[in-house]
Amino acid sequence: MKNFYLLFVMIGAVYTSAQDHQMHDMEGHNHEGHLHDTMVDGKLLEVNSERFDDFVLGLEGKQVAIVSVSGMVCDFCARGIEKTFSKDKTVLKLDVDLSGGKVLIAFDKDKNIDFEDIKKKILSNGQNATDLQIIKI
Amino acid sequence: MINKFFAASIPPMGIKYLYVFLLLIGSIFSEARPISYSGGSTLMLKSNAMQNSAYYHYSPSYKFSIGIEQVKDKYFDADYSYLRLTYLLNRKNTRHSQRNLYLQSGISSDGVDHYFYGVHGDWETRRLFSGFGYKETQTASLDYAEQYLQLGIAPYIGEYGDLHTWLMVKAKHDELTNEWNTYPVIKFFKGNALMEIGYTDASEWDIHFMYRF
């Protein structure tokens, strides 16, 4: 048991520093490929710009909800979210950015995007939606 | 190996293939993701030196799951089923982590004097994992407990849909053998499937396969 803990502490120390660096990048602060200068409702848009550009291809005239999700730490979480939203017929397109902790959801321009409904859907999967930004394409 | 529980619904060739499948990948009692998203189903196949089992559960909500586990108990040389209930007692989501605490219970087809209950928990980020479990089993002839601790590191961070890999160390104690075994475990995630493989000289293969749908 003693060796077990020692081994983990040693390996953990090495990886924690690597993780800190990666988490920094995940949060969109590496100043490359992110829409740092885009403001939505007075807040900076924190989304991977390359990913966002791919997502909005063919979505002219639509609107995209960018949802920040906490607790989305693995593929199973992401897959559950994808399945939950795929049942919603008003959803035109969906992308789960596991690294960025974001879910991008495209709706028609006339759709009234209800954050409470999105929160409920994310919670039904066991995660929490913490923020919503809406962009008209 | 496969008793009447399976024989009733699976054609003979199916039984043969399921038998081979269980032998190949067939248990640890630690269960990654014991509750699915609302409306989700999960199939788990497990095998270790003590038992083989096949477990199906359905989650009406992300808070609990209900299911049936068919067990081939190698220690007691017995076959039985459990009606199982797992309840999410507590979950803490943060931007980069999730922490869970689960209560688990099961009642056997052998009768009301054969049941188990326990608790297990985990904390994970996309890089680190830690988990623990305690399970107390009561039978007509013997009561015993099992405990485990599991720690892991992802050597790389995969994107959604990639193959995800975890390198882990697991320490497990079984009152039946009264031994702690510590051994390496490797875990793979891909799409809806997860496979966890561990090996120790003392308890041999410790394998867990899971498919969510």
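Sequence lines set the chain letters: A, B, ... in the order given, protein chains first and strands last, and positions in each chain run from 1.
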Original post:
Given A/E82 and B/Y160, is the side chain to side chain contact (heavy atoms under 4.5 Å, CB included) satisfied, shown in steps?
Top reply: CA-CA 11 Å; A/E82 193 175 48; B/Y160 179 41; 2.6 Å; yes
Original post:
Does anything in residues 108-130 of chain A get under 4.5 Å of chain B by heavy atoms, and if so which residues?
Top reply: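 Residues of residues 108-130 of chain A touching chain B at under 4.5 Å: A/L123, A/S124, A/N125, A/G126, A/Q127, A/N128.
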Subject >> When B/K190, B/K92, B/H164 are compared by non-hydrogen pairs under 4.5 Å with chain A, the top option >> reply: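 Option with the top pair count is B/H164.
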Original post:
Among B/S97, B/S61, B/G158, which residue forms the greatest number of heavy-atom pairs with chain A at distances under 4.5 Å?
Top reply: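 Sorted descending by pairs with chain A, the first entry is B/S97.
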Tell me the closest heavy-atom pair linking [X] and [Y], and the distance in Å.
{"X": "B/R95", "Y": "A/S99", "value": "NH2-O, 3.9 Å"}
{"X": "B/E124", "Y": "A/C74", "value": "OE1-CB, 4.4 Å"}
{"X": "B/E159", "Y": "A/R51", "value": "OE1-NH1, 3.8 Å"}

**OP:** Heavy-atom distances under 4.5 Å only: say whether B/N192 touches chain A with side chain, backbone, both or neither.
**Re:**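 It is both, since atoms from each part get that close.
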Subject >> Candidate pair A/M72 and B/R126, rule side chain to side chain contact (heavy atoms under 4.5 Å, CB included), full reasoning >> reply: CA-CA 9 Å; A/M72 195 164 64; B/R126 297 194 67 215; over 6 Å; no
Subject >> Pick from A/G80, A/S70, A/A78, A/S68 with the largest number of heavy-atom pairs that fall under 4.5 Å of chain B >> reply: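 The option with the most such pairs is A/S70.
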**OP:** Could you give me the CA-CA distance, side-chain angles and deciding distance for B/M210 and A/F76, then say whether side chain to side chain contact (heavy atoms under 4.5 Å, CB included) is met?
**Re:** CA-CA 11 Å; B/M210 185 171 110; A/F76 278 167; 2.9 Å; yes
